[in-house]
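Atoms within each ligand, like the ligands themselves, are counted from 1 in listed order. For the numbers below, each heavy atom of this structure counts, side chains included, while hydrogens, waters and symmetry mates do not.
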Amino acid sequence: MISSEVHLSQEALSHNLRLYRKLLGPETKITAVVKSNAYGHGLLPIAEMALEAGADLLGVNALEEAILLRNHFPNAIVLIMGSIPMLTERSHLLADERYWVMVSEIAEIEALCQLNPRPKIHLKLNTGMSRLGQSEPNWESFASELKKRSLLLDGIATHFASTEDFTEHSFSMRQLTKFQNGISIFAKYGYTNLLRHCASSASAMLFPEARMDMIRLGISMYGLWPSLETKLSLSMMGKDIGMLQPVLTWKTRIQHIQDLKAGEFVGYGSTFKTTYPTKLAVLPVGYYEGLDRKLSNNGYVLIKGERARILGRICMNMTMVEITHIPNVHIGDEVIVIGKSQDESVSADDHATWSGTINYEVVTSILDQFPRIKTK
Ligand SMILES: *Cc1c(COP(=O)(O)O)cnc(C)c1O
């Protein structure tokens, strides 16, 4: 699908990783989270860029993503963070000491312990997210059962539920205390020296105690803030980590140009009516390509450093934008859907505001089939 190109900046990604590296002690590892096609940025190019920038591990959700990474990066350590359906039946696929697998069940740990070579086993604890992981009342009996069966653990982990949503962090602090309690329960049963990790972008930025032995860095590596609340929290704490630089630019080209008289309609449902002679450009991207339909009559792209607002409804594969005010626009001219053009910029955060979602969803929605092009 060549109606767009997604350009990726190595410089920006390296810069973002460096900002976090500066926060961390020398022993703390960074997992570059590249799940979901690297947050829509492109799995293989981003994995390569993250390793180039000095990431210690690559983090994915699914086994299939891990296998794809293994085929391209034979030496990379890959952390599988999501649950693996039918793990006990498919455990042979995990016989690789450079796979680190986060698991929640005894049966999974038992299956992984029998493998040779054996992947690293990280037990997930639920401390408040209530998604994966053993819950607190079970920790003591779980640890005792593991010990009884002589099963091995290499790491212990949890995940914060709401650091991104608030500037008041007592819930996250309670999660952290629970996690520390969990670590000491497992230590009591002989599971000492486990690699401890719980922090993602927001919590790693805000809570020094949460950085522990490893952080799992997603959204910030791509140069996007986890949320406005995270930004506010940081400044309320009197801290500053520096500017994140967006890694991605989404470009397309003008497919067609229309000259309309006053009083003509644009698009499905005729939701836009011109009130003056209007020139519009047709772009070959729509909601299938990842431009949220809620941006209909609500949002803009950049052409020659100017804002070109979206007119009418976004179609499945096309979008109309106004260019009346922009001189010398031609078919084939470059259009910035997300990124910078001269003094103007349009960010994933702008898209998120316009469509009522989060920047995570905006970037993961960009069509996987577009070419991803690495730049300096
Ligand atoms: C996606 C994910 C992360 C990364 O979160 P960001 O907010 O993007 O940094 C970390 N840990 C787990 C378990 C995840 O699923």
Evaluate Ser220 for polar contact with ligand 1, using N/O atom pairs at a separation under 3.5 Å. no
Kindly confirm or rule out an N or O of Ile219 lying under 3.5 angstrom from an N or O of ligand 1. yes
Could an N or O of ligand 1 be found under 3.5 Å from any N or O of Lys35, whether backbone or side chain? yes
Below 30° counts as parallel, above 60° as perpendicular, anything between as tilted: where do the rings of Tyr360 and Tyr39 land? tilted
Within one Ile-Leu-Val-Met-Phe-Trp-Tyr cluster: Met1 and Val335, side-chain cutoff 4.5 Å: yes
Mind checking whether Arg216 contacts ligand 1 via backbone (N, CA, C, O), side chain (CB onward), both or neither, at a 4.0 Å heavy-atom cut-off? both
Considering non-hydrogen atoms of the protein only, which is the closest contact for atom 5 (O) of ligand 1, and what is the distance? Ser200 CB, 3.3 Å
Quick one: look up the protein heavy atom nearest atom 13 (C) of ligand 1 and list residue, atom name and how far away it is. His159 ND1, 3.6 Å
If only side-chain N and O atoms count, and only distance matters, is there a donor-acceptor pair under 3.5 Å linking Ser36 with Thr364? no
Tell me which protein heavy atom sits closest to atom 9 (O) of ligand 1, plus the residue, atom name and distance to 0.1 Å. Ser201 OG, 2.5 Å
Check this for me, if you would: do Asp333 and Lys304 make a salt bridge, where the nitrogen-to-carboxylate-oxygen distance has to be below 4.0 angstrom? yes
Before accepting this row, confirm whether a basic side-chain N of the pair Lys251/Glu334 lies closer than 4.0 Å to the acidic partner's carboxylate O. yes
Closest contact, heavy atoms only, Ser14 versus Ala53: OG-CB, 3.5 Å
At a 4.0 Å threshold, what atoms of ligand 1 neighbour a non-hydrogen atom of Arg131? 15 (O)
Side chains of Ser4 and Trp250: closer than 4.5 Å at any heavy-atom pair? yes
Could Glu344 and Arg307 be called an ion pair, given the rule that one side-chain N must be under 4.0 Å from one carboxylate O? yes
Ligand 1 atoms nearer than 4.0 angstrom to some heavy atom of Tyr360 are 6 (P), 7 (O), 8 (O)
Contact atoms of ligand 1, heavy-atom distance to Tyr39 under 4.0 Å: 1 (C), 4 (C), 5 (O), 6 (P), 8 (O)
When only distance counts, is Gly218 in polar contact with ligand 1, meaning an N/O pair under 3.5 Å? yes
